[in-house]
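Please read these numbers as outputs of a predicted model, since none were measured by experiment. First the proteins, then the strands, lettered A, B, ... as listed; each starts at 1.
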Protein chains: 2
Amino acid sequence: MTGIEEVARAAGVSTATVSRALSGRGRLSEATRARVRAAAADLGYVVSAAASTLASGRAENIGVIVPLLDRWFFATVLDGIAAQLAPRGYDMTLYNLTDDPSQRRGLFDTSLRRRRVDGVIVLSVVLTPEERRQLAELPVPVVGLGVPHAEIAGLRVDDTEVGRRATAHLLELGHRDIVHLGWVTPDGVDDGLDIPTRRRRGFVQAMAGAGIRAPRIADAGLTVDEARRRARELLTGPEAPTAIFAASDEMAYGVLSAARELGIDVPGSLSVVGVDGHDLAELFDLTTIEQFPHAQGERAGQAILAELGVDGVTAPAASLPFELVVRGSTAPRT
Amino acid sequence: MTGIEEVARAAGVSTATVSRALSGRGRLSEATRARVRAAAADLGYVVSAAASTLASGRAENIGVIVPLLDRWFFATVLDGIAAQLAPRGYDMTLYNLTDDPSQRRGLFDTSLRRRRVDGVIVLSVVLTPEERRQLAELPVPVVGLGVPHAEIAGLRVDDTEVGRRATAHLLELGHRDIVHLGWVTPDGVDDGLDIPTRRRRGFVQAMAGAGIRAPRIADAGLTVDEARRRARELLTGPEAPTAIFAASDEMAYGVLSAARELGIDVPGSLSVVGVDGHDLAELFDLTTIEQFPHAQGERAGQAILAELGVDGVTAPAASLPFELVVRGSTAPRT
DNA sequence: CTGAAAGCGCTTACAG
DNA sequence: CTGAAAGCGCTTACAG
């Protein structure tokens, strides 16, 4: 492969000048810069990442710690991150966080510490205290997105407000027998920083505001299937609700599916609202709180670039937007 | 950060020995190896990726070129790849291929040529001849997964057989008025190597086997929405089919949705079969050809590791398995 | 504005 | 089995 020496020779300058011309760092006359760039393009020269990183300390690479890579939400967030990083020449290295303790140890003890990345984005995962400590000790900035730990700074949707908003929508439609179907608060999160707890809290607050104390809350796993099972119980039990606020769109699909099986008309006899703005929500005609995961990813990308002092990137607001999208799965109580 | 010198001093050996002990390359007495490893663990020493890569030429990193990061299928494949790479200490750097020509040029001219990766996995994307040439010229192995170009070796599902199998299922149920709803063959693919063409071909072959010449074929975009629109036309037009073979599950959802809107009973009056084994196929009770995307990713990971000569990894078979999963969206013709 | 040279932190052929 | 030393290919403080 062509090296920097050949480019220097072709352009009639030193390797130092080639480096400066190509990286854009340091002052250089426009003429020299242009000549060097032309020579490099000519020869098809590209700077070796390893050599450049070793000499400069900059890797131009961002690590992203992501749980459950195959969930739609995270894939969309990743796409948003990539959209911010790529145009600035940053690569994105993925670290999939599983439940396997030895895999996790490998990630925190080794992979992240190889100095391969200039910064880390952590997508809503629950970390052990030890893992948080290791993250904090990394010599690079860390940005969280929906991470339920106070010590990891980052971006966050106001999920309490999300819960309130979804519930308010149902209350405005005249519903009173509303059940919130959430998912279980994971172990080890900081008090009230995890998403299910906050959505639940918003629900409770909104219901209280409408004079309803001790509203009904149910839990299920964060999957279509478990939500379907739980919804079946709720809808066939005594005092079937007239509305269900599901904590995610995929859980809402489970509710819709259970209703269909039981012959319960949506929205005639049951209103359903979800959260996420999932890909297929429109297909299901599901009312939901859209939370723009692509834009969340873009902001996370901006946040880490801003921390790195990349030119022209300013830190985005820490609070992420959301929006109620009313579709056909909710209707006035009859 | 701790360097290799400190570890050498702590263990009472040279840096060469530390390197050998930690990498596992070269002969070394067990005692020395253990002593060095203990010292390294003690000091929390981790080899610098940049220095190691520069000196050895090995990056322990695989690049993955992926289209449309937010589609479920590719996210699942990625998860499979990661599952193979991580345990062997390989990182995975994502290169999102968009339609933007300047972004693509940046990827092929620069990003991939920085010698940051030891190998590249390309997930079913359509490449220009120039891009293919650049890929072939990379000094690292390239493995394709469903790539529609003959010069990129790789893994592939026998999509002709997939089309035949899906169609055969409908024929066995007694259907004759079957429409295949596929997506448009992209420009620039090698003849008959792209997925939609092969599924279509399998459909035509199976129909011909049943004595049906010139069977009906429709095209739509590869999305729920476009499929829904197209299905609406098919189902309200003259000679509405009794069965539709959709070329993807997401397209099949569009068909189901159109049928629901039109009050057409599935599977009573219309049978629908898809392809993919999508996440939500069970929820929709959709008969489909499951093609195990997670396993596809694992195989692609194995394939690239095998090319790199990683210990204990053997090249998987190039032909990927699939399986008809019969659910409630198909039934005998009435 | 530009160059000579040291140095980034490892790996590995060579020698013993 | 182990070490001394060259070298991987850049970047950047220093000097001019």
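Using modelled atom types, one finds no donor on one side chain facing an acceptor on the other under 3.5 Å when comparing Asp158(B) with Ser319(B).
Pro148(B) places none of its side-chain heavy atoms less than 4.5 Å from the side chain of Ile195(B). A heavy-atom distance below 4.5 Å is not found between the side chains of His294(B) and Val77(B).
Look at Thr32(A) and you'll find a side-chain N or O under 4.0 angstrom from OP1 or OP2 of dT2(C). Checking the phosphate oxygens (OP1, OP2) of dT2(D), a side-chain nitrogen or oxygen of Ser29(B) falls inside 4.0 Å. At dC10(D), none of the side-chain N or O atoms of Ser48(A) fall inside 4.0 Å of OP1 or OP2 (strictly under the cut-off). Listed pair Arg58(A) / dT12(D) meets the phosphate criterion, a side-chain N or O lying under 4.0 Å from OP1 or OP2. Here Ser19(A) reaches the OP1 or OP2 of dT11(D): one of its side-chain N or O atoms lies under 4.0 Å away. At dG3(C), one or more side-chain N or O atoms of Ser14(A) fall inside 4.0 Å of OP1 or OP2 (strictly under the cut-off).
Comparing the P positions of dC1(C) and dA5(C) gives a spacing of 23 Å, expressed to the nearest Å.
Arg20(A) contributes a side-chain N or O that forms a donor-acceptor pair with the base of dG3(C) under 3.5 Å.
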Could you go step by step and tell me if Gln296(B) and Leu155(B) meet the side chain to side chain contact (heavy atoms under 4.5 Å, CB included) rule? CA-CA 8 Å; Gln296(B) 290 191 11; Leu155(B) 311 174; over 6 Å; no

Determine whether Arg114(A) and Val47(B) satisfy the following criterion, side chain to side chain contact (heavy atoms under 4.5 Å, CB included), listing intermediate values before the conclusion. CA-CA 6 Å; Arg114(A) 283 197 266 208; Val47(B) 175; 5.9 Å; no

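Residue whose closest nucleotide on DNA chain C sits further toward the 5' end, between Glu30(A) and Ala51(A): Glu30(A). Residue Arg27(A) is the one, among Arg27(A) and Ala16(A), whose nearest nucleotide of DNA chain C lies closer to the 5' end (criterion: closest heavy atom).
Protein atom CD1 of Ile4(A) is 16 Å distant from nucleotide atom P of dA5(C), rounded to whole Å. The separation between Glu5(A) atom CD and dA4(C) atom C1' is 12 Å, rounded to whole Å.
At the heavy-atom level, Val18(B) lies nowhere under 4.0 Å from the strands shown.
In terms of heavy-atom proximity, Glu298(A) sits nearest to Gln84(A) at O-CG, 3.1 Å.
Comparing dT11(C), dC8(C), dC10(D) by their closest approach to the side chain of Ser56(B) singles out dT11(C).
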Given the rule that a pair is Watson-Crick or G-U wobble with both distances under 3.5 Å, how would you write DNA chain D in dot-bracket, using | for pairs to a different strand? |||.||||||||.|||

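Taking a cutoff of 4.0 Å between a charged side-chain nitrogen and a carboxylate oxygen, Glu130(B) and Arg133(B) qualify as a salt bridge.
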